[in-house]
Amino acid sequence: MIELKDVSKVFQNGVEALLNINLHIGREEFVFLVGPSGAGKTTLMKLLYREESPSIGEVIVDRIKVNEIKEEQIPFLRRNIGVVFQDYKLLLRRTVYENVAFALQVTGAPRSQIRRLTMQALELVGMVKRAKSFPNELSGGEKQKTCIARAIVNNPPILLADEPTGNLDPQTSWDIMELLDKINRRKTTVLVSTHNKNIVDGMKKRVVAIEGGRITRDQQLGMYSQQ
Amino acid sequence: MSKATDVEFFIIEAIRGIGRSPLMSFVAIGIVTVTLTIFGFFLLGVVNLGNVVSGMAAKLDLTCYVDRDLAPRDAAELQLKLSKMEGVEKVTYYSKDDSWKSFKQDYSGKLELSEVVSDNPLPNTFAVKVRNPEVLPQVAKNISQMSEIDEVRYSGKLLGQVKHFVDVIRLAGFVFVLLLFFATLLIVVNTIRLTVLARETDIYIMKLVGATGSFIRWPFVIEGILIGVAGGILAVVLLRGSYDALAFKIASAFPFLPVVSDAFLLNFIFISVALCGTVLGMIGGYISVSRLIKNA
Ligand SMILES: Nc1ncnc2c1ncn2[C@@H]1O[C@H](COP(=O)(O)OP(=O)(O)OP(=O)(O)O)[C@@H](O)[C@H]1O
Ligand SMILES: [Mg+2]
């Protein structure tokens, strides 16, 4: 589902964010991406939805050569990838419902479909009751659930979550992780970057560790740090 | 794809955009109004000037002289020949005797002509009226080539000068309008850009969830059109009111000036002004969001 071949990313200022990355993530896998701050986790995710392009190497997502597609095709790539951020990136002047529906509206989906899919997504994350609330009326966990609903509303085969629990307390973090796990069980490939040791250790999933732009460990049923 | 939903979305987003910075939108509408009003006055000025010039030219006649004596029959024949020439509308004949009589009448008392000249020194004269001022030089040339005619005179120099003057005004006006257009465009672009920057997150998220460039652009283009249309309509209202008042004043103060009051021409100008506002707003909206749409 996701494949990186000999990928390096050197930024214009000379920072080598990723070095010679080779990574394969299969269909419907759940993978944790761990590593210290500045390791290159965010950069790796940005390569997948073409917010950044690799300096060299090949990035393949759902059989699409991401680094080769034309700019006009980027929107269609992104419709297959849901993205969740640590800082939510919700639109403050829109309600929970509108924030989620927005993701469908901008792809030109028909009205009836927008309503149905938006309600389904809110149902899945447990936010139907807060549908009419604005983001500033929500707790961190509720904001993140809204953000997840927006990411999955058009049912993409891939979900990327960049430190989704970075701003949340332990209990809420677990809720969010369980939600991501539930989405994974609905046959969505999920890639989560995190610093949360307890969660990684508790979830017993595949763990890919990167440090200084290199993959240092790739382990099934892995732990946050080397045993 | 359900286009109706999309259009509804674009329009709602455009109105949200205006609502997000109403003051700036008012300023933009005001500036568009002022520029278009100036533009409209300029257009009205040019058509009126053109009107004055063609009015002047219409009064210009050719005067053809025949020195030798003409029998009335020959004169009539020549008059007919001249009036059959291309571009000629009307020919009037003044025999040298008639001219001499009226001349003597005009100057009787002021000057004792018979003391200076005993004979009639005036030539026979044909006054030729042309169909339109543009053909005047050509008709003059054709007539002067006729052997029967000794001399042709017309105030061609004056006509040329007036035409030149109008051409200069037109050119200067064109440059002026162009500058005005770009200045207004710049202001519209910057105004909408303010609302674009306020919606940077919106645009980022739109791109993230897979909105195409044109989809992101439409609300801003519509916002520009709304600003342009509002400015255009206000400008037309201003122009109409002040032109009617001004035209009335000029017509009563200088009755000899032909003020344009042709409804078709005026409406054409007003519609051009309004359309210009619309196009201005549209281009402004389009440009304002371009930088943010570009992908990494
Ligand atoms: N646009 C950029 N231009 C230049 N350097 C960048 C850019 N984005 C990231 N970097 C650098 O690339 C390196 C990797 O950054 P990245 O954001 O991928 O790390 P990360 O693993 O996500 O860290 P964190 O855990 O703190 O989020 C860092 O040294 C960072 O400073
Ligand atoms: Mg990061």
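In this text, all values refer to a predicted model and were calculated from it rather than measured experimentally.
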> Quick check for you: to the nearest 0.5 Å, what is the distance between B:Thr212 atom OG1 and A:Arg79 atom CZ?
6.5 Å

> Using 4.0 Å as the upper bound for N to carboxylate O, is an ion pair formed by A:Arg93 and B:Glu13?
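Between A:Arg93 and B:Glu13 there is no salt bridge, as every charged N stays at least 4.0 Å from the carboxylate O atoms.
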
> Show me, pair by pair, the donor-acceptor contacts under 3.5 angstrom made by side chains of residues 39-47 of chain A, not counting sequence neighbours?
{"residue": "A:Lys41", "atom": "NZ", "partner": "A:Gly35", "partner atom": "O", "Å": "2.9"}
{"residue": "A:Lys41", "atom": "NZ", "partner": "A:Pro36", "partner atom": "O", "Å": "3.1"}
{"residue": "A:Thr42", "atom": "OG1", "partner": "A:Asp162", "partner atom": "OD2", "Å": "2.7"}

> Determine, for B:Lys207 against A:Glu51, whether the closest basic-nitrogen to carboxylate-oxygen distance falls under 4.0 angstrom.
no

> Could you tell me whether A:Arg115 atom CZ has more than 12 heavy atoms of other residues or ligands within 6.0 Å of it?
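No, not enclosed.
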
> Would B:Asp6 and A:Gln105 count as a side chain to side chain contact (heavy atoms under 4.5 Å, CB included) here? Give the steps.
CA-CA 7 Å; B:Asp6 291 357; A:Gln105 283 172 328; over 6 Å; no

> Taking atom CZ as the centre, does B:Arg16 end up with more than 12 heavy-atom neighbours from other residues, nucleotides or ligands that are less than 6.0 angstrom away?
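More than 12 within 6.0 Å, yes.
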
> Determine which residues belonging to residues 182-190 of chain A lie within contact range of chain B, meaning some heavy atom pair is under 4.5 Å apart, and list them by number or answer 'none'.
none

> Measuring from B:Tyr204:OH to A:Leu91:CG, what's the distance to the nearest 0.5 Å?
12.5 Å

> Pairs under 3.5 angstrom only: tabulate donor-acceptor contacts from the side chains of residues 228-246 of chain B to other protein residues two or more places apart or in another chain.
{"residue": "B:Arg240", "atom": "NH1", "partner": "B:Asn267", "partner atom": "OD1", "Å": "3.4"}
{"residue": "B:Ser242", "atom": "OG", "partner": "B:Leu238", "partner atom": "O", "Å": "2.6"}
{"residue": "B:Ser242", "atom": "OG", "partner": "B:Leu239", "partner atom": "O", "Å": "3.4"}
{"residue": "B:Tyr243", "atom": "OH", "partner": "B:Asn48", "partner atom": "ND2", "Å": "3.1"}
{"residue": "B:Tyr243", "atom": "OH", "partner": "B:Val260", "partner atom": "O", "Å": "2.6"}

> Side-chain polar contacts of residues 54-62 of chain A - donor-acceptor pairs under 3.5 angstrom, sequence neighbours left out - could you list them?
{"residue": "A:Ser55", "atom": "OG", "partner": "A:Val10", "partner atom": "N", "Å": "2.8"}
{"residue": "A:Ser55", "atom": "OG", "partner": "A:Val10", "partner atom": "O", "Å": "3.4"}

> Looking only at non-hydrogen atoms, find the nearest pair between B:Leu208 and A:Arg78 and report the distance.
O-CB, 3.4 Å

> Check B:Phe9 against A:Val106 and note the closest heavy-atom contact, atom names and distance.
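Smallest heavy-atom distance, with atoms named: CZ-CG1, 3.9 Å.
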
> Would you say OH of B:Tyr286 has more than 12 non-hydrogen atoms from neighbouring residues, nucleotides or ligands within 6.0 angstrom?
no

